[in-house]
Structure formats: structure tokens, C-alpha cells
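Order of the sequence lines fixes the chain letters, A, B, ..., with proteins taken first and strands second; residue numbering starts at 1 for each chain.
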Amino acid sequence: MEKTFQPAEIETRWYDEWEARGYFAPQGGEKAYSIMIPPPNVTGSLHMGHGFQEAIMDALIRYHRMAGYNTLWQVGTDHAGIATQMVVERQLEAQGISRHELGREKFVEKVWEWKEQSGGTITRQLRRLGSSLDWSRERFTMDEGLSNAVQEVFIRLYREGLIYRGKRLVNWDPVLHTAISDLEVISEEEQGHLWHFNYPLAGGEGHLTVATTRPETMLGDAAVAVHPEDERYAHLIGRMVELPLTGREIPVIADDYVDREFGTGCVKITPAHDFNDYEMGKRHGLPMINILDDDAAIGGEAPEAYLGMDRFEARRKIVADLDALGLLEKIEDHTLKVPRGDRSGIVIEPYLTDQWYVDARELAKPAIAAVENGDITFVPKQWENTYFAWMRDIQDWCISRQLWWGHRIPAWYDDKGNVYVGESEESVRAENHLADEMSLHRDEDVLDTWFSSALWTFSTLGWPEETEELKIFHPSSVLVTGFDIIFFWVARMIMMTLHFRKEVPFHTVYVHGLVRDAEGQKMSKSKGNVLDPIDLIDGIELEELVQKRTAGMMQPQLAAKIEKTTRKQFPDGIAPYGTDALRFTYFSLASTGRDVKFDIGRIEGYRNFCNKIWNAARYVMMNCEGEDCGQDESLPIERSLADRWIVSKLQETEADVARAFASYRFDLASQALYEFIWNEYCDWYLELSKPVLWDENASPEAKRGTRRTLIRVLETWLRLLHPMMPFITEEIWQTVAPLAGKSGETIMLQPYPVADPGAMDSAANADIEWLKGVIVGIRNIRGEMNIPPGKELTVLMKNGSDEDQRRLTENAPFLKKLARLKEVTWLAATDEAPVAATALVGELEILVPMAGLIDKDAELARLAKEVDRLEQELKRVQGKLSNSAFVDKAPAAVVEKEREKMQAQEQALQQLQEQERRIRQM
RNA sequence: AGGACUAUAGCUCAGUUGGUUAGAGCGCUACCUUGACAUGGUAGAGGUCCCCAGUUCGAAUCUGGGUAGUCCUACCA
């Protein structure tokens with residue numbers, strides 16, 4: 001074995017092997033366990049957040065696969081309608097080709113080409129992360145099968161009256177030329193203005209003043225509203241005002257939606273361009289006056305003078321025109337929330353168009369019930385509240401998108417505008433007895449990508465066919481996802497699956513935190529702080545990283561800043577850490593929190609952990625290879641205290657890890673493993689094995705026992721660790737397993753270790769704790785007294801119990817080796833002890849004679865520190881025990897514990913003070 | 001505006017039903033190339049558990065209030 005762990009070569013070698021041998025596919029077994037991957041965008045690439053999520057799913061999958069479940073991790077990607085179309089459109093633009101010149105069919109072909117070309121990035125990344133996905137079942141939302149499912153669902157919902165078409169106000173993206181759902185609109189505070197305009201009263205006496213943040217919409221005003229109880233304006237209700245620049249007259253209406261305190265208390269009402277005004281318009285029977293076109297330029301029923309102007313240009317012009325007419329009252333600075341498309345970043349316009357909707361309210365009812373009655377549980381539980389809050393106030397879901405890339409809506413129109421929904425034009429004609437000569441045209445729109453993702457858990461398994469896979473693997477076991485898509489995806493999956501399958505899509509929703517950078521900032525391309533998990537695995541030069549972060553930016557002016565922060569944060573680029581270290585870092589950060597700050601220091605620590613594992617295995621192999629490791633169980637063995645102890649600790653660790661996995665606490669699982677492997681197995685057990693293995697006088701039984709424990713415990717914890725660190729464990733396991741009497745092609749398919757309470761040994765634990773106490777006590781004296789580590793010491797023990805004496809007798813060789821002792825002597829009560837530095841283990845005094853070794857003042861200082869600490873403690877405990885309220889009311893066991901503590905402390909204090917006295921007399 | 005979450009060592013975070021000497025990793029200090037490992041070993045320093053009040057014999061933990069921060073939802077033209 002190499003002296004240091006070199007992950008790069010090992011990782012790809014093993015992944016290829018696993019995949020080639022088909023280990024990722026379901027292996028049978030009574031109980032099924034399945035996870036459907038949240039499908040990433042097929043043309044995108046994975047970032048740190050994905051890496052985190054994949055690592056968690058893979059750990060769960062590997063854990064359950066080893067635990068004997070019939071395990072499926074379904075892989076696939078989605079077509080990401082808007083995002084992908086945008087990318088391809090931009091590529092074409094760069095060549096001077098517009099999408100419209102190309103035509104729909106050709107354009108879609110180009111998108112497929114792009115998908116073929118770039119689609120490999122994601123799957124390559126997934127493989128590098130070690131994800132044990134069943135590649136043989138890979139799906140894509142635009143595949144024929146999944147497309148059939150989408151069409152089937154659309155048609156059925158339509159026939160059930162749960163999908164309808166209507167002219168409504170939608171969020172219109174004037175750049176992408178499509179409607180988007182509420183969830184795709186991001187509203188953030190921006191600095192703007194509040195313009196106050198005077199609208200003259202019809203008939204010529206006086207005016208009303210309205211305030212608006214979007215002056216251009218005044219062209220579409222249909223009324224001015226005041227509060228019905230607002231005395232200032234009561235006399236005007238029912239009057240008409242002259243709408244400037246338009247030549248129209250509009251009424252003054254009363255509606256209690258109006259806030260009397262805001263602005264002037266008069267609101268201009270533009271039903272076709274504002275969601276609130278739209279509702280009010282419907283209440284009052286106002287006309288919907290559209291004044292925009294698809295580009296959000298002035299159009300529709302706007303006055304001739306403004307037609308064709310961009311909306312912001314029109315804004316300036318209208319303000320100027322009103323000012324010229326003396327109707328501009330004032331302009332105030334105003335902070336307002338501006339709605340922007342999450343993809344295009346452009347200001348969204350409420351816009352009146354024909355769209356398709358899903359009646360979400362109806363579908364939400366059983367979806368709410370499923371979480372209420374526990375059929376689906378969220379982990380952590382608090383996310384259920386988020387889910388309920390949204391679901392109980394759900395809005396109908398606009399599912400049509402004016403895009404070319406996606407599932408085209410299966411609806412046809414005749415010349416009169418009648419709609420026919422069906423599988424194809426032929427079937428529509430047949431079902432509706434339409435004459436062949438009647439012309440039909442298909443709806444141009446496609447469905448929201450989330451519409452197909454909502455079917456993901458069952459469409460990937462072959463639905464609408466009743467496949468065997470559906471029977472076995474649906475509902476899936478758990479959905480692993482971030483809270484940012486609870487509404488987008490989780491809720492919609494639950495609704496759709498319950499409706500079409502009459503069962504839940506998954507039993508558990510595990511909601512993990514969102515990965516942020518070291519400063520707690522969300523990682524985003526525009527901030528330039530994204531990290532590619534592969535760059536942490538393979539490492540990356542600074543120049544390349546800068547290049548990567550500043551390439552292809554939407555806002556090139558930010559490049560300089562990004563370059564600067566990148567150079568500051570990673571002055572030497574990123575070192576290669578390997579997949580196992582990255583994964584372990586993810587797990588260690590996967591606690592219940594909402595944010596996961598990724599700190600580069602953590603991964604370095606776990607890279608070192610990998611190296612530690614590697615070297616521990618090296619040590620074991622050096623001592624076991626070619627030796628009798630007790631594979632032949634008929635031969636006698638003798639197990640040392642350390643052997644029994646480490647086996648016992650292993651059981652505890654197995655129990656801890658099982659508990660952690662069951663509660664999705666990957667941080668606790670990783671911590672339990674780290675602690676056991678490094679702090680128990682490496683720090684203590686390997687050291688304790690040396691006195692046996694290196695002792696020429698040790699019996700063959702003892703050596704056999706130690707080797708067997710050494711190798712078997714190692715083999716077991718490799719399996720225990722494998723779901724979290726798949727590569728290093730496989731690599732080592734291959735050489736270790738035969739010596740541990742195990743056979744098998746891969747660690748992946750070995751049984752997962754289960755704790756055996758019968759192997760827990762509290763007596764061994766206590767003895768080892770004692771041994772550690774003595775060793776640490778001596779090391780402490782050594783350290784604080786600056787005694788060279790190599791210097792062998794003579795140690796005396798005094799005032800010990802029979803138990804202490806037994807422990808010393810049994811463990812003297814270990815003690816001598818680990819504490820570097822020449823001699824240990826047990827003093828009888830009557831023996832006179834020399835002046836010595838002292839450590840206490842219970843009542844037992846460990847004495848390191850001072851002659852020639854130890855500085856009097858240093859030892860006094862050391863003792864004083866210890867005495868001081870004990871006195872503080874004692875004071876606290878005494879205070880507690882002298883409080884009658886405590887003694888009377890606290891449980892007897894607690895009081896008793898405090899009493900024991902006090903006695904021990906008093907005893908220790910006395911012994912140390914005696915020492916102090918003796919040393920002073922020197 | 002409503003709601004949620006967070007606040008523990010210099011940094012990133014654990015802390016289960018109230019009883020611990022409040023822990024880990026990283027970082028820091030000192031010493032050490034001892035035959036698995038310097039990506040290492042040994043020892044050590046470092047905390048007003050955000051603040052205030054309450055409940056309790058006892059609070060990092062429970063309750064109320066405050067402060068700071070993060071996020072979500074809905075939005076007033």
C-alpha cells in the first residue's frame with residue numbers, strides 16, 4: 001500500500017467496476033427501498049448543493065442496499081423548458097439566427113442537439129460523486145414514455161374538469177414571451193418613485209389626485225377608487241373624471257380595498273395590468289383595457305400617440321406630457337417591491353392572456369390530508385407547517401408556457417374557437433365526430449416543466465402501464481430535497497400522485513439545508529461564488545477557477561469583482577481532496593439547520609481522516625498479512641482486554657450509526673464514525689495491539705486473538721463507513737476481507753453491520769478507562785514538566801484499591817509501552833513514598849518521583865492549578881448539598897450522585913494538598 | 001404586515017426527555033521525525049451558552065419579553 005492515500009485513481013477505477021458489474025441495479029430482497037432523484041436540468045451542471053443532496057441519497061441507498069433491501073435509486077433529468085430554450089436561443093443569436101427565422105420544428109431539433117451535446121456533464125458529475133444510481137433505468141422528462149404520461153394526465157384532468165382554459169391576468173415575461181407561475185416571480189425591494197397625478201373632474205370643477213408607481217398604466221385606467229367611508233371623497237363617488245391623454249372618462253367608484261392612509265387615498269384602477277385592480281374590475285364590472293403588447297411595449301387599446309413605445313420610455317413620456325398639462329402634482333421617492341422573472345431578471349407585467357390552469361384547490365385537499373394523517377412525514381417536522389400554509393391558500397396553477405421546448409398541450413381548436421382535448425388530431429376528430437374538411441389547429445403552447453416533474457415518482461416507473469416496478473418501488477421511500485422547492489415540486493408531486501395513483505409518492509420528505517459559501521452567501525452564478533464539487537475532488541488551479549467563474553456571465557461588469565474575491569478566497573486554488581473527503585464533509589454538515597456553510601477547512605480535515613484510515617489499514621496489513629489471523633475458528637485464541645473493549649466500542653458505534661441514519665442525522669453518523677475510528681481504534685486500540693504483537697514472549701493464542709480482532713474490527717467498520725465513504729472503504733476492504741475470513745466481490749453488497757448487545761462489555765470499558773486515566777495522568781505530568789517524550793520513567797502507585805491493583809497487574813505491559821515506563825511499583829500502605837509529581841485516578845495516586853527530573857516550582861504550580869479547579873468544583877457541589885430544597889426535592893439518585901462527587905473531590909483535594917505540603921518541605 | 005428559523009470557543013457546528021467539569025473539527029501555543037500516519041503524535045490555552053424576567057431544588061435546554069440576523073408568504077396604488 002502507498003504511504004499516503006491517493007484517491008484519484010482509486011475512485012474512477014472502482015466506480016467503473018461497480019457500474020460494469022451491475023451492482024447499482026435492484027438486487028431483489030423482500031423489502032423494497034427506493035429513492036427518485038430530483039431530476040436536475042439535463043443541460044445544466046451540478047453545483048455544491050446538488051453534490052450535498054446526491055451524497056445524502058447515495059448514503060441512504062448504499063446503507064439500505066447493504067442492509068438487504070431491494071434497492072432502487074432512480075436516475076434521470078428534466079428538460080428545464082425555459083432555461084434550456086434560453087440557452088439555445090442565445091447560442092443561435094450569437095450566430096445571428098433568430099428562433100423565429102428557424103421555425104419551431106428546426107429549433108426544437110437544435111435543442112435536442114444541445115441536449116445530446118451537453119447532457120453528459122451531469123451524469124459524469126454524478127458518477128464522480130460515487131452515486132450508485134441505476135443507470136440502466138435512466139429517464140428524461142421528454143422521453144416517449146414520460147411524455148405519454150404527461151399527455152395522459154393532462155387529458156384525464158381536463159375531462160375531470162380539473163384543467164381549464166381561461167383568459168386571465170398572468171405574470172408575463174416580456175423577454176421570454178411566456179407566462180410564468182407565481183413561484184417563478186421574485187419580488188425584491190427596489191428604489192422607485194411615486195408619481196402624483198391630478199385627474200380633472202368631468203364637468204370642469206376641481207380634480208382628484210392619484211398616486212402610482214407605474215405611470216404608463218394610466219392609459220389603461222378604468223376607474224378611480226376611493227374608500228366608501230372616506231369623507232374627503234364621499235361626494236365624488238359616482239362622478240366621472242377625465243382621464244388625461246386618452247380622451248376617456250372614467251367613474252369614481254367606492255371599494256373598501258382602498259387604503260385611506262396611503263398616498264392620497266385615491267387609487268387609479270387598471271384592471272388589465274394589475275392583480276388587485278383586476279379583482280376590483282371584476283367586482284365593479286369595469287372594462288379590461290389592455291395597453292401593452294407581448295414585448296410590454298405600448299399596444300392594445302392605448303392612444304395612437306404612444307403605440308409601439310417601450311414601457312419605460314412611455315413612462316417618461318407620459319410623465320412629461322402630464323407635467324406639460326399641469327397635471328403632475330409631485331414625485332416622491334418610494335421603495336417598492338418589483339416583480340422580476342427568476343430566469344430573465346426582467347420586470348414582469350401582469351398581462352391578460354389565454355392560459356391553461358390546474359384547479360389546485362381540489363387537488364390540494366387530499367394532499368393536505370396525507371400530511372395531516374401522517375402518510376407523509378417531513379423531516380425536520382417544522383416544514384410541514386410551511387407546506388400546510390401554502391397548500392391551504394393555494395392558487396390555481398398556470399401550466400401553459402409560450403415556449404417551443406416542452407410537452408405540447410394536446411388541445412385543438414376549430415375556427416370558432418371550440419377546444420378539443422385528446423391524444424391526437426385523429427382521435428379528437430373521431431371522438432367529437434368532426435368532419436375531415438373542418439380545419440383544426442393545435443394549441444401552440446407547452447406545459448410548465450414542473451407539470452412533468454410532478455409525475456416523476458410514477459412516470460419513471462412506467463405509468464400509465466401497471467408495471468412490476470410500480471408495484472415494487474412505488475410509493476418511494478423518501479424524497480431528499482431542499483426547502484426551496486417544497487412548493488414548486490414537492491407539493492405538486494403529492495397532489496398529482498395522490499390523484500392518479502391513490503397513493504402517496506413517498507413516505508418521508510427529508511428536507512436538507514441549502515449550501516452556502518464560507519461567508520454564508522447563497523451560491524449563484526451572478527455572485528460568482530459557485531463551486532463545482534468536482535473541483536474539490538480533483539483540485540483546480542487558481543487561474544482556471546477564476547476563468548470558470550467569470551466565463552459566460554449575464555452581467556460581465558461583475559467579472560472584476562468576482563475575480564478579486566476568488567483570488568482572495570482561494571489564493572492557491574483548490575487542492576484535490578477526493579470524493580470520500582468531500583462526501584464526509586457534506587455529512588458532517590448535514591444537521592437540522594437550514595443553512596449549510598461550506599468551509600474549506602472542514603474538507604481538509606476529512607481528507608486527513610482519509611489518510612488516517614489509509615494508514616491504520618496499512619498498519620493492520622503489515623501486522624496481519626502472511627500471519628495467522630484466526631481465520632480458522634477451531635484454533636484457540638486469547639483475547640486481551642483491549643480486544644474485548646474495542647469490540648464493545650464497535651457495537652456502540654454501530655448502534656449510534658443506525659440511530660443516526662434512522663433519524664437522517666448524517667452529521668451524528670459521521671461524527672460517531674470519525675470518533676470511533678480515529679479516537680478509539682487508531683489512538684488507543686492500535687497502540688494497545690503493539691505490546692502484544694511486538695512481544696516475542698506473547699503466546700500464539702494471544703497474538704492470534706489480537707490479529708483476529710484487529711482485522712475483523714477493521715473489516716467491520718469499513719462496511720459501517722462504506723455508505724459515506726464508498727471508495728476508500730472498497731479499496732481497503734478488498735485486501736482486508738480475506739484476512740478477516742470474508743469473501744465477496746465488493747463491499748457494496750456485504751451485509752451492513754448490526755450492533756450485538758451481547759458483545760458489549762462494560763467491565764472491559766471500565767478497565768480501559770482506568771488504563772487511559774493512568775496513561776493520560778502520566779503524559780500530563782510529562783507534558784507539563786517538560787520531560788522528554790523518549791525518557792523512560794519509573795512510576796509508583798499508592799493508595800489504590802484491590803481493583804486498582806488487579807488492573808495494574810493485568811495491564812502493566814500496556815501501561816509501560818504506552819506511557820513509556822521503565823518500572824511500575826505498587827506501594828503498600830505502609831511503604832514510604834518519595835517526593836513525586838502526582839496524578840489521581842479516583843483515589844489511586846500515580847507518583848512520578850521527582851529526583852533529578854522534576855522542577856519543584858513547576859510541580860507546585862501544576863498542583864495549585866489542579867487544587868484550584870477542585871476547590872471551585874467542591875464549593876459548587878457543597879453549596880448544592882447544603883441547600884435543603886435540593887436535598888428534599890431532587891430525586892434521590894441525583895442527590896446521591898452529588899454526594900459521591902463531593903466525597904471524591906474532598907478525597908482528591910486532600911491528597912493533592914498533602915502532596916503540596918510534602919513538596920514544599922523539599 | 002403575518003409567519004418560521006437561528007443566536008454556544010477566534011471560525012464552522014453538536015448538545016436527545018431540564019441534573020455534563022458545556023463538547024467536536026478547524027485554527028492557536030509548547031514539545032516531538034518513537035518501527036501505520038508530520039495529511040502525524042502528546043500536552044495545553046480558549047466559553048457571561050445574545051440580553052432581561054419567569055417557572056423549578058436545579059435552565060445552554062422550558063415559558064414570556066427584548067435585541068440581532070436569515071428566510072418564507074402576502075402585499076398599498
Asks: Considering every strand and a 4.0 Å limit on heavy-atom distances, what is the contact class for A/Trp694: base, sugar-phosphate, or nothing?
Replies: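 Here A/Trp694 touches the bases of the nucleic acid.
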Asks: If you check the A/Leu668 side chain, which of B/U20, B/C37, B/A14 turns out closest?
Replies: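 Closest of the options to the side chain of A/Leu668: B/A14.
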Asks: Mind checking if A/Pro788 touches a base, just sugar-phosphate, or nothing, with heavy atoms under 4.0 Å?
Replies: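 Touches nothing.
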Asks: Taking pairing as Watson-Crick or G-U wobble with both contacts under 3.5 Å, can you name the mate of B/A30, or confirm there isn't one?
Replies: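 B/U42 - that is the nucleotide pairing with B/A30, both distances being under 3.5 Å.
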Asks: Is there a Watson-Crick or G-U wobble partner for B/G54 with both distances under 3.5 Å, and if so, which one is it?
Replies: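 Result: B/C62.
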Asks: Round to a whole Å and report the spacing from CG of A/Asp667 to C1' of B/A14.
Replies: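 For the pair A/Asp667 CG and B/A14 C1', the rounded distance is 7 Å.
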Asks: Which residue, A/Met622 or A/Asp393, contacts RNA chain B at a nucleotide closer to its 5' end, judged by nearest heavy atom?
Replies: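 Taking each residue's closest nucleotide, the earlier one in sequence belongs to A/Met622.
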Asks: Determine the Euclidean distance between corresponding C1' atoms of B/G2 and B/U8; express it in Å to zero decimal places.
Replies: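 Nearest-Å result for B/U8 against B/G2 at atom C1': 30 Å.
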Asks: I'd like to check A/Phe5 versus A/Ile613 (side-chain heavy atoms, cut-off strictly below 4.5 Å). Are they in contact?
Replies: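 Not in contact.
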Asks: Do the side-chain N or O atoms of A/Asn883 get closer than 4.0 angstrom to the phosphate oxygens (OP1, OP2) of B/G58?
Replies: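 False: A/Asn883 side-chain N/O out of range (4.0 Å or more) of B/G58 OP1/OP2.
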Asks: Quote, to the nearest angstrom, the C1' distance that separates B/G18 from B/U61.
Replies: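 It comes out at 6 Å once rounded to the nearest Å.
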Asks: Given B/U12, B/C57, B/A24, identify the nucleotide with an atom nearest to the side chain of A/Gln671.
Replies: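 So the nucleotide nearest the side chain must be B/A24.
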Asks: Does either side chain, that of A/Asp667 or that of A/Ser588, offer a donor lying less than 3.5 Å from an acceptor on the other one?
Replies: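 Their side chains do not contain a donor-acceptor pair, so the 3.5 Å distance test is not met.
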Asks: Compare the minimum distances between each of B/C57, B/U21, B/C37 and the side chain of A/Ala890, then state the nucleotide with the smallest one.
Replies: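 Selected nucleotide: B/C57.
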Asks: Using Watson-Crick or G-U wobble geometry with both distances below 3.5 Å, tell me the partner of B/U12, or none.
Replies: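 Base partner found: B/A24.
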Asks: Give one of base, sugar-phosphate or nothing for A/Trp678, where a contact means two heavy atoms less than 4.0 Å apart.
Replies: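 Sugar-phosphate contact only - A/Trp678 comes under 4.0 Å of backbone atoms but never of a base.
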Asks: Round to the nearest Å and state the distance from A/Leu686 atom CG to B/G35 atom P.
Replies: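 Computing the A/Leu686:CG to B/G35:P distance gives 16 Å.
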Asks: With both distances under 3.5 angstrom, what nucleotide forms a Watson-Crick or G-U wobble pair with B/U6?
Replies: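 The answer is B/A68, by the H-bond criterion.
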Asks: Taking the side chain as C-beta and beyond, is there a heavy-atom pair between A/Gln878 and A/Glu906 under 4.5 Å?
Replies: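 The answer is yes; the side chains approach within 4.5 Å.
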Asks: Look at all strands and tell whether A/Lys690 reaches a base, only sugar-phosphate, or nothing, counting heavy atoms closer than 4.0 Å.
Replies: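 Base contact.
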Asks: Work out how far the P atom of B/G10 is from that of B/U17, and round it to whole angstrom.
Replies: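 Roughly 27 Å separates the two P atoms.
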Asks: Scan A/His334 against the nucleic acid and name what it touches under 4.0 Å (heavy atoms): base, sugar-phosphate only, or nothing.
Replies: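 Touches sugar-phosphate only.
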Asks: Under 4.0 Å: is that the gap between some side-chain N or O of A/Lys337 and OP1 or OP2 of B/A74?
Replies: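 The answer is no; no side-chain N or O of A/Lys337 sits under 4.0 Å from OP1 or OP2.
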Asks: Please report the distance separating the C1' of B/U42 from the corresponding atom of B/A59, rounded so that it comes out in whole Å.
Replies: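 Result for the C1' pair: 37 Å, nearest Å.
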Asks: Who does B/A36 pair with, Watson-Crick or G-U, both distances under 3.5 Å?
Replies: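 Paired with no nucleotide.
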Asks: Looking at every strand, decide which applies to A/Lys791 at a 4.0 Å heavy-atom threshold: base, sugar-phosphate, or nothing.
Replies: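 Since no nucleic acid heavy atom lies under 4.0 Å of A/Lys791, the category is nothing.
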Asks: Rounded to whole angstrom units, what separation is found between the CZ atom of A/Phe598 and the C1' atom of B/U12?
Replies: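 Going from A/Phe598 (CZ) to B/U12 (C1'), I get 11 Å.
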Asks: Whole Å only: how far is the CE atom of A/Met523 from the P atom of B/U70?
Replies: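 Going from A/Met523 (CE) to B/U70 (P), I get 18 Å.
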Asks: Looking only at side-chain atoms of A/Tyr674, point me to the closest of B/U12, B/G25, B/A14.
Replies: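 From the listed options, B/G25 comes nearest.
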Asks: Once you round it to whole Å, what is the distance between C1' of B/U73 and CG of A/Asp484?
Replies: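 Atom-to-atom, A/Asp484 to B/U73, this comes out as 15 Å.
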Asks: Nearest of B/A77, B/G44, B/C13 to any side-chain atom of A/Val258?
Replies: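 It is B/A77.
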Asks: Is any side-chain N of the basic residue among A/Arg583 and A/Asp580 closer than 4.0 Å to the acidic one's carboxylate O?
Replies: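 Answer for the salt bridge query: no.
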Asks: Would you mind classifying the nucleic acid contact of A/Lys880 as base, sugar-phosphate or nothing, using non-hydrogen atoms under 4.0 angstrom?
Replies: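 Sugar-phosphate, no base atom in range.
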Asks: Pick base, sugar-phosphate or nothing for A/Ala616, based on heavy-atom distances below 4.0 Å to the nucleic acid.
Replies: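 Result for A/Ala616 = base.
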Asks: Does a distance-only test, which skips hydrogens and angles, find a donor-acceptor pair under 3.5 Å between the side chain of A/Gln395 and the base of B/A74?
Replies: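 Under the 3.5 Å cut-off, the side chain and the base do not form any donor-acceptor pair.
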Asks: Quick one: does any side-chain atom of A/Asp255 pair with a main-chain N or O of A/Tyr257 as donor and acceptor, under 3.5 Å?
Replies: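 Yes, A/Asp255 side chain to A/Tyr257 backbone: donor-acceptor pair under 3.5 Å.
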Asks: What's the closest nucleotide to the A/Asp259 side chain, out of B/A77, B/C57, B/G40?
Replies: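 Per side-chain heavy atoms of A/Asp259, the pick is B/A77.
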Asks: Quick one: A/Leu881 CG to B/G19 P, roughly how many Å, whole number?
Replies: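 So the two atoms are 17 Å apart, to the nearest Å.
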Asks: Identify which nucleotide among B/U70, B/C37, B/C57 has an atom closest to any side-chain atom of A/Asp595, counting heavy atoms from C-beta outward.
Replies: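 Looking only at side-chain atoms, A/Asp595 lies closest to B/U70.
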Asks: Checking only heavy atoms, does the side chain of A/Arg594 share a donor-acceptor pair with the base of B/U6 at less than 3.5 Å?
Replies: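 In this structure, the two groups form no donor-acceptor pair.
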Asks: Could you tell me how far B/A4 sits from B/U21 if I compare only their P atoms? Round to whole Å.
Replies: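 One P to the other, the span is 36 Å.
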Asks: Return the nearest nucleotide to the side chain of A/Tyr257; candidates are B/A77, B/C5, B/C57.
Replies: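 Of all the options, the side chain of A/Tyr257 is nearest to B/A77.
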Asks: Mind checking A/Arg862 for me? I need base, sugar-phosphate or nothing, with any heavy atom below 4.0 Å counting as a touch.
Replies: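 Nothing, no nucleic acid heavy atom in range.
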Asks: Can you confirm whether A/Leu243 sits close enough to A/Lys268 that some side-chain heavy atom of one is under 4.5 Å from a side-chain heavy atom of the other?
Replies: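 When only atoms from C-beta onward are counted, A/Lys268 and A/Leu243 do not touch, as no gap falls below 4.5 Å.
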Asks: What interatomic distance, in whole Å, is found between C1' of B/U56 and the corresponding atom of B/G44?
Replies: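 Taking atom C1' in both B/G44 and B/U56, they lie 38 Å apart.
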Asks: Determine the contact category for A/Lys597: base if any of its heavy atoms lies under 4.0 Å from a base atom, sugar-phosphate if only primed atoms, P, OP1 or OP2 are that close, otherwise nothing.
Replies: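 If one applies the 4.0 Å heavy-atom cut-off, A/Lys597 turns out to touch the sugar-phosphate alone, with no base involved.
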Asks: Say we look at B/A68 and B/C62: how far apart would their P atoms be, to the nearest angstrom?
Replies: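 Pairwise P distance, B/A68 against B/C62, rounds to 23 Å.
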Asks: For A/Arg779 and for A/Thr213, find the nucleotide of RNA chain B with the closest heavy atom, then tell me which residue's nucleotide is more 5'.
Replies: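 Result: A/Arg779.
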Asks: Does A/Tyr586 reach the side chain of A/Val596, with side-chain heavy atoms less than 4.5 Å apart?
Replies: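 No - every pair of side-chain heavy atoms lies 4.5 Å or more apart.
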Asks: Phosphate oxygens OP1/OP2 of B/U42: is one of them under 4.0 Å from a side-chain N or O of A/Asn780?
Replies: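 So the side-chain polar atoms of A/Asn780 never come under 4.0 Å of the phosphate oxygens OP1 or OP2 of B/U42.
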Asks: Write down the distance between CD (A/Glu900) and P (B/G19), rounded to a whole number of angstrom.
Replies: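 So the CD-P distance, A/Glu900 to B/G19, works out to 18 Å.
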Asks: Using only heavy-atom distances, determine whether the side chains of A/Glu190 and A/Thr335 contain a donor-acceptor pair under 3.5 Å.
Replies: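 A/Thr335 and A/Glu190 do not have a side-chain donor-acceptor pair below 3.5 Å.
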Asks: Suppose we call a contact any N or O donor and acceptor under 3.5 Å apart; does that hold for the side chain of A/Arg876 and the base of B/U21?
Replies: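 When only heavy-atom distances are counted, A/Arg876 does not reach the base of B/U21 through any donor-acceptor pair under 3.5 Å.
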Asks: Once you apply a heavy-atom cut-off of 4.0 Å, does A/Thr386 come out as touching a base, just sugar-phosphate, or nothing?
Replies: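 Touches nothing.
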Asks: Please find the pair of heavy atoms, one from A/Glu731 and one from A/Trp614, that lie closest to each other, and give the distance.
Replies: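 In terms of heavy atoms, the two residues are closest at CG-CZ3, 3.9 Å.
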Asks: How is A/Arg782 classified with respect to the nucleic acid when contacts are heavy atoms under 4.0 Å: base, sugar-phosphate, or nothing?
Replies: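 The residue A/Arg782 makes no contact with any strand.
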Asks: NA contact type, A/Cys682, heavy-atom cut-off 4.0 Å: base, sugar-phosphate, or nothing?
Replies: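 The answer is base, as A/Cys682 lies within the cut-off (heavy atoms under 4.0 Å) of a base atom.
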Asks: Rounded to the nearest 0.5 Å, what's the gap from CD1 on A/Ile711 to CD on A/Glu715? Could you check?
Replies: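 That separation rounds to 9.0 Å.
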Asks: Without decimals, in angstroms, what is the distance between A/Arg665 CZ and B/C13 P?
Replies: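 Going from A/Arg665 (CZ) to B/C13 (P), I get 13 Å.
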Asks: Output the single nucleotide from B/A43, B/A77, B/U73 whose closest atom is nearest the side chain of A/Thr212.
Replies: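 The answer is B/A77, which lies nearest to the side chain.
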Asks: Choosing from B/A14, B/U21, B/A36, which nucleotide comes nearest the side chain of A/Glu687?
Replies: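 Given the options B/A14, B/U21, B/A36, the side chain of A/Glu687 is closest to B/A36.
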Asks: With rounding to whole Å, what would you report as the distance between B/A60 and B/G15 at their C1' atoms?
Replies: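 Those two atoms are separated by 8 Å.
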Asks: Looking at B/A14, I'd like to know if its phosphate oxygens (OP1 or OP2) sit under 4.0 Å from a side-chain N or O belonging to A/Ser591.
Replies: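 The answer is yes; a side-chain N or O of A/Ser591 sits under 4.0 Å from OP1 or OP2.
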